[in-house]
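Contents: one structure, followed by commentary.
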Amino acid sequence: QVQLTESGGGSVQTGGSLKLSCSTSGYSYSSGCVAWFRLTPGKDREGVAAMFAGGQTTWYTDSVKGRLTISQDNATNTVFLQINDLKPEDTAKYYCAANPHLSGCPVGFVSRFYSYWGQGTQVTVSN
């Protein structure tokens, strides 16, 4: 059974950094697509970063480019999301999602293409 588990969230001040982790059991990030989404109450779920086939290609939504980095540690089968220069509008619950069968990451971070999801980790940014 595939399980994704996020960690690393927390409460930080504006301008701070966090590194979120997504560990897995029963799944290898070396194939398919893995992505990070975030959800804020009252807003649609937003895809922020995606990575194909163990890091061959990465994508970021325009609003976060330059501040977020998605990466992978093959040894521990963990995917990371480094978030720098945090802003209050980054406050959300962050989820990792994956699908090993994709031949490419869905354009526009379409969530329905991802078959496995974690439970999320909360990020709160205050002024």
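When a residue number appears, it is its place in the shown sequence, counting from 1.
- A donor-acceptor contact shorter than 3.5 Å links the side chain of E6 to the backbone of Q119.
- Taking CG of L68 as the reference point, atom CG of L20 lies at 8.5 Å (rounded to 0.5 Å).
- No side-chain heavy atom of T76 sits under 4.5 Å from any side-chain heavy atom of S23.
- In summary, of the residues considered (V34, N99, T24, V2), a side-chain contact (heavy atoms from CB on, under 4.5 Å) with Y116 occurs for V2 alone.
- The minimum heavy-atom distance between S111 and R45, with the atom names listed, is OG-NH2, 3.5 Å.
- The distance from atom CD of Q82 to atom OG of S21, rounded to the nearest 0.5 Å, is 10.0 Å.
- Atom CG in L39 sits 10.5 Å away from atom NZ in K43 (nearest 0.5 Å).
- Closest approach of F52 and G32 over heavy atoms only: CD1-O, 3.3 Å.
- Distance check, rounded to the nearest 0.5 Å: NZ of K19 to CD1 of I83 gives 12.0 Å.
- A salt bridge does not link D90 with K87: none of the charged nitrogens is closer than 4.0 Å to a carboxylate oxygen.
- From S25, atom OG reaches atom CG of N77 across 9.5 Å, with rounding to the nearest 0.5 Å.
- Taking both residues in full, the closest heavy atoms of C33 and Y114 are given as SG-OH, 3.3 Å, listed atom of the first, atom of the second, then distance.
- Each side-chain hydrogen bond (donor to acceptor under 3.5 Å, both in side chains) pair with one or both residues in residues 8-18, not counting sequence neighbours, appears once here: T14-N127, S17-N84.
- The list of ring pair (Phe, Tyr, Trp, His ring centres under 6.0 Å) pairs with a residue in residues 55-112, not counting sequence neighbours, is empty.
- Taking the side chain as every heavy atom from C-beta outward, R38 and L81 never approach each other to under 4.5 Å.
- A donor-acceptor distance shorter than 3.5 angstrom exists from the side chain of T91 to the backbone of V125, with no hydrogens or angles considered.
- In this structure, a donor-acceptor pair under 3.5 Å is absent between the side chains of T69 and S71.
- Under the 4.5 Å side-chain criterion, counting only non-hydrogen atoms from C-beta, V48 is in contact with E46.
- Both V12 and W36 belong to a single network of hydrophobic side chains, linked directly or stepwise wherever heavy atoms of I, L, V, M, F, W or Y lie under 4.5 Å apart.
- With rounding to the nearest 0.5 angstrom, the CG atom of L86 is 5.5 Å from the CG atom of L18.
- Between F37 and W117, the ring planes lie tilted relative to each other; the angle falls in the 30° to 60° range.
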